[in-house]
There are 2 protein chains.
Amino acid sequence: MGRKRIRDIRNKELIEATIVAVHRHGYGVVTMAEIAQEAGASAASINYYFGSKEGLMEATMRHLLTKLKVAMIQGYTGTKTPKERLYAVMDANFADDLYTVERCSIWMQFWANAPYSPRLSRLHRINRARVRSHFLAELSQLLTADQVEPARQALQCYMDGVWLQAAQSDQSVDPKTARAAAHQVVDLVIR
Amino acid sequence: MGRKRIRDIRNKELIEATIVAVHRHGYGVVTMAEIAQEAGASAASINYYFGSKEGLMEATMRHLLTKLKVAMIQGYTGTKTPKERLYAVMDANFADDLYTVERCSIWMQFWANAPYSPRLSRLHRINRARVRSHFLAELSQLLTADQVEPARQALQCYMDGVWLQAAQSDQSVDPKTARAAAHQVVDLVIR
DNA sequence: AAATATTTTTTGAATGATCATTTAAGTTTT
DNA sequence: AAAACTTAAATGATCATTCAAAAAATATTT
């Protein structure tokens, strides 16, 4: 029973601490000691659980990606039309617990650093491909073949851009407004 | 005459080397030695010219911002209509010598790190404000008051998102296609 | 239950490596 | 000669990671 408990608890604690610490100090310069302090643990324990700093970063990103994936899958249930599913993708990306300055900031940090880490790079590629295929599947039912790719590009770039702006924002962001705006952009793109 | 020559030459060389080195290694981890090697100089000489690593980074970003600003001002000459000027803003951002994987990658690095450096942060804010005001000036002549801000948001996010995608790309990107796509997005947004 | 053994978890301190910056001594240019 | 430029080497600081030993939890035996 208790076999896996502590390990799971620590994993979660350390990943949450990583998110906070990366947001606070920046991915490139955050130290193990800062993360450990945030979690109320020691730097050595991070290596005990994750093997290395890079291992921790990968686990943290994996955790965030999973959340996004789950949000998208949940959003799909109950949708009937392609348009509704496009809305759902947007809604998942701008969900209340994902579209915050802190989360967007983390994403941005990972994006910027993914090209220099094979492990992060791989995760990033997988996520991007999934979003892409979702968009393509729905858009191809709504537009002519030659319109699909430009429309996907427009939607996906818009989505990324909004996150990027949120990451730069010094005030807090409003998920509800973001979702409404995103719906309007979907409407624009599919005519 | 020659008073400033060498200094100017070294400044340029070191900034170019910084761009290459940051793209190659990442902003967070690139070392003075790597930049110096790229420029065929010594790490000590960078401090002689720029005072510190952060000074070099700021100068590099300032250099890139100036290029963008010049491209935008040049693009404006000869434009007659608001729509043409919106096209011009897009064309400047996706100009042949600015919209490359390498350049976009550098931008991305700076974006991600700006929040943690007051000097970078300041530059970033200035640039963003300029782009914003350009968009607003033109859009307010084409749309009703309540449509302006959503449209600006859509265009600016799209622009940022395209750069972000380019930064992640492993192939090279095509500026001409990007400009054409951007024009289409402008058309969509202003009806 | 108590005592003991075993495994898992935790961390302080050492290790070793990296790196920005400074300094002092040269070299080149003016 | 003076000023500007250049860099090798020294400095000092930071940090991820390792290690050994302790503490805590769990399992086993009495």
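Note on naming: letters A, B, ... go to the chains in the order of the sequence lines (proteins, then strands), and numbering restarts at 1 for each one. Computed over heavy atoms, backbone and side chain alike; hydrogens, waters and symmetry mates excluded.
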Chemist: To the nearest angstrom, how far is B/Glu34 atom CD from C/dA20 atom C1'?
Modeler: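 My rounded result for the distance is 13 Å.
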
Chemist: Quick one: sort the A/Trp163 and A/Trp111 rings into parallel, tilted or perpendicular, breaks at 30° and 60°.
Modeler: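 Ring orientation, 0 to 90° scale: tilted.
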
Chemist: State which of D/dT6, D/dA16, C/dT8 makes the closest approach to the side chain of A/Thr31.
Modeler: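 In terms of side-chain proximity for A/Thr31, the closest of D/dT6, D/dA16, C/dT8 is D/dA16.
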
Chemist: Does B/Arg130 CZ have over 12 foreign heavy atoms under 6.0 Å away?
Modeler: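 Above 12, so yes.
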
Chemist: What's B/Val29 touching, base or sugar-phosphate or nothing? Going by heavy atoms closer than 4.0 Å.
Modeler: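 No contact.
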
Chemist: Is any side-chain nitrogen or oxygen of B/Arg10 closer than 4.0 Å to OP1 or OP2 of D/dA4?
Modeler: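 For B/Arg10, the contact criterion (side-chain N or O under 4.0 Å from OP1 or OP2 of D/dA4) is not met.
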
Chemist: Side chains of B/Tyr158 and A/Asp160: any donor to acceptor distance under 3.5 Å?
Modeler: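 Short answer, no.
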
Chemist: B/Tyr48 side chain: which of C/dT11, D/dC5, D/dA16 is closest?
Modeler: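 The closest nucleotide is D/dC5.
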
Chemist: Step by step, would you call B/Asp91 with B/His183 a side chain to side chain donor-acceptor pair (under 3.5 Å)?
Modeler: CA-CA 9 Å; B/Asp91 289 347; B/His183 286 205; 2.8 Å; yes

Chemist: Nearest to the A/Lys53 side chain among D/dC5, D/dT17, C/dT10, which nucleotide is it?
Modeler: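 The answer is D/dT17, which lies nearest to the side chain.
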
Chemist: Report the distance from atom CD1 of A/Ile46 to atom P of C/dT9, rounded to the nearest whole Å.
Modeler: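 My rounded result for the distance is 16 Å.
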
Chemist: Take atom CG of A/Asp8 and atom P of C/dT8, then tell me their distance rounded to the nearest Å.
Modeler: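 From A/Asp8 CG to C/dT8 P: 15 Å.
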
Chemist: CZ of B/Phe50 versus P of C/dA20: gap in Å, rounded?
Modeler: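 It works out to 15 Å between those atoms.
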
Chemist: What's the shortest heavy-atom distance between A/Ala59 and A/Ile15, and which atoms?
Modeler: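 Answer, listing the atom of A/Ala59 first, then A/Ile15: O-CD1, 3.9 Å.
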
Chemist: In whole angstroms, how far is the P atom of C/dT10 from the CZ atom of A/Arg7?
Modeler: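 Rounding to the nearest Å, CZ of A/Arg7 and P of C/dT10 are 10 Å apart.
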
Chemist: Between atom CD1 in B/Ile35 and atom P in C/dT18, what is the gap in whole Å?
Modeler: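 Between P of C/dT18 and CD1 of B/Ile35: 18 Å.
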
Chemist: Between A/Met32 and B/Ala44, name the one whose nearest nucleotide on DNA chain D is closer to the 5' end.
Modeler: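 Going by which nucleotide is closer to the 5' end, it is B/Ala44.
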
Chemist: Taking only side-chain N and O atoms of B/Tyr49, does any of them lie within less than 4.0 angstrom of OP1 or OP2 on D/dA4?
Modeler: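 No, B/Tyr49 has no side-chain N/O under 4.0 Å of OP1/OP2 on D/dA4.
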
Chemist: Please give, in whole Å, the distance from D/dC5 C1' to B/Arg5 CZ?
Modeler: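 Rounded to the whole Å, the gap is 16 Å.
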
Chemist: CD of B/Gln37 versus P of C/dT18: gap in Å, rounded?
Modeler: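 Result: 15 Å.
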
Chemist: D/dC5, C/dT10, C/dT22: which one has an atom nearest the side-chain heavy atoms of B/Asn47?
Modeler: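 Nearest to the side chain of B/Asn47 among the choices is C/dT22.
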
